[in-house]
Engineer: 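Let me give you the structure first, and then I'll get to my questions.
In listed order, ligands and their atoms are each counted from 1.
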Amino acid sequence: MDVKGICLLFGILAVVLISSTEGKPPSKCQCKIAARERRNCGPPGISAAECRKAGCCFNASVPGVPWCFTPKPKKVKKVCPADPRIRVNCGYPGITAKECLSRRCCFRAHPAGVPWCFYHRTVEEGC
Ligand SMILES: *[C@@H]1O[C@H](CO)[C@@H](O)[C@H](O)[C@H]1NC(C)=O
């Protein structure tokens, strides 16, 4: 592996570490919970800002249910993006399907003019 490859590897590692850091505010997706299934998070009367700072979801649109509530656990999955325009190259021109898959990337031999071997994307499930 050359220097560029090693840099790339550390870059990917850094991204994985940052994205798995706890204490981030929950995503919209994680806060999509039916009003009657919400579990209270934080004391009554907590402000929206304090609520989010505590890593909880805030939604005051339904009266009589907790406004600050516990988010759903984040579920992500890896997919091969369907849109060719957003492909991020994982190979080189003329790479074979076998070589591409050994890099654990997606392979689609069409259309022309975009990478055929490209990275997965992680998308959030349950939105
Ligand atoms: C707040 O909750 C209501 C009812 O579940 C939902 O329709 C609305 O989209 C939510 N608002 C936000 C900003 O998430």
Side-chain angles (χ1 to χ4, degrees):
M1 195 180 283
D2 61 1
V3 175
K4 227 168 103 188
I6 290 168
C7 287
L8 186 65
L9 193 65
F10 276 108
I12 292 168
L13 272 177
V15 168
V16 168
L17 288 176
I18 290 164
S19 61
S20 66
T21 309
E22 294 291 323
K24 302 182 302 184
S27 69
K28 271 211 184 94
C29 194
Q30 289 172 272
C31 294
K32 219 164 149 189
I33 301 176
R36 63 195 148 73
E37 285 165 21
R38 291 180 190 170
R39 281 188 299 123
N40 200 27
C41 187
I46 189 171
S47 74
E50 280 174 316
C51 172
R52 294 208 182 90
K53 217 158 68 185
C56 307
C57 306
F58 190 86
N59 179 330
S61 70
V62 187
V65 297
W67 288 355
C68 182
F69 52 97
T70 310
K72 289 188 282 192
K74 193 166 191 162
K75 273 202 295 190
V76 293
K77 64 178 174 188
K78 287 171 108 186
V79 295
C80 297
D83 183 353
R85 288 168 304 178
I86 61 166
R87 289 183 187 176
V88 179
N89 197 4
C90 178
Y92 48 83
I95 190 171
T96 63
K98 194 169 166 229
E99 164 72 4
C100 177
L101 295 177
S102 78
R103 297 178 177 208
R104 301 185 178 281
C105 287
C106 306
F107 187 83
R108 276 189 204 137
H110 59 85
V114 295
W116 288 356
C117 181
F118 50 98
Y119 286 100
H120 290 93
R121 262 160 55 95
T122 45
V123 295
E124 221 173 326
E125 278 185 296
C127 301

Engineer: Side-chain contact, heavy-atom cut-off 4.5 Å: V76 with E125?
Structural biologist: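 No, their side chains stay 4.5 Å or more apart.
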
Engineer: Looking at S61, which atoms of ligand 1 are within less than 4.0 Å of one of its heavy atoms?
Structural biologist: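 By the 4.0 Å cutoff, the relevant atoms are 1 (C), 2 (O), 3 (C).
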
Engineer: Which protein non-hydrogen atom lies closest to atom 12 (C) of ligand 1, naming both residue and atom, and how far is it?
Structural biologist: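 Minimum-distance protein heavy atom for atom 12 (C) of ligand 1 reads N59 ND2, 3.4 Å.
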
Engineer: Return a yes/no value: protein heavy atom under 4.0 Å from atom 2 (O) of ligand 1?
Structural biologist: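 For atom 2 (O) of ligand 1 the answer is yes, since some protein heavy atom falls inside 4.0 Å.
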
Engineer: Passes disulfide (SG to SG under 2.5 Å), C41 versus C56? Steps please.
Structural biologist: CA-CA 6 Å; C41 187; C56 307; 1.9 Å; yes

Engineer: Looking only at heavy atoms, is any part of R38 under 4.0 Å from ligand 1, and if so is it the side chain, the backbone, or both, or is it neither?
Structural biologist: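 The part of R38 near ligand 1 is the side chain, not the backbone.
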
Engineer: In terms of residue, atom name and distance, what is the protein heavy atom nearest to atom 4 (C) of ligand 1?
Structural biologist: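 I find the closest protein heavy atom is V62 CG2, 3.8 Å.
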
Engineer: Quick one: side chain to side chain donor-acceptor pair (under 3.5 Å) pairs with a partner in residues 38-47, sequence neighbours left out?
Structural biologist: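 For residues 38-47: S47-E50.
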
Engineer: Do the side chains of Y92 and W116 join up, straight or via other hydrophobic residues, at under 4.5 Å, putting them in one cluster?
Structural biologist: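 Yes; tracing contacts between hydrophobic side chains, which count when under 4.5 Å, links both residues.
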
Engineer: Protein heavy atoms: any of them under 4.0 Å from atom 14 (O) of ligand 1?
Structural biologist: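 Given the 4.0 Å limit, the answer for atom 14 (O) of ligand 1 is yes, a protein heavy atom qualifies.
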
Engineer: Looking at every non-hydrogen atom in both residues, tell me the closest pair between C68 and I46 and how far apart they are.
Structural biologist: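 Taking C68 first and I46 second, the nearest heavy atoms are CB-CG2, 3.5 Å.
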
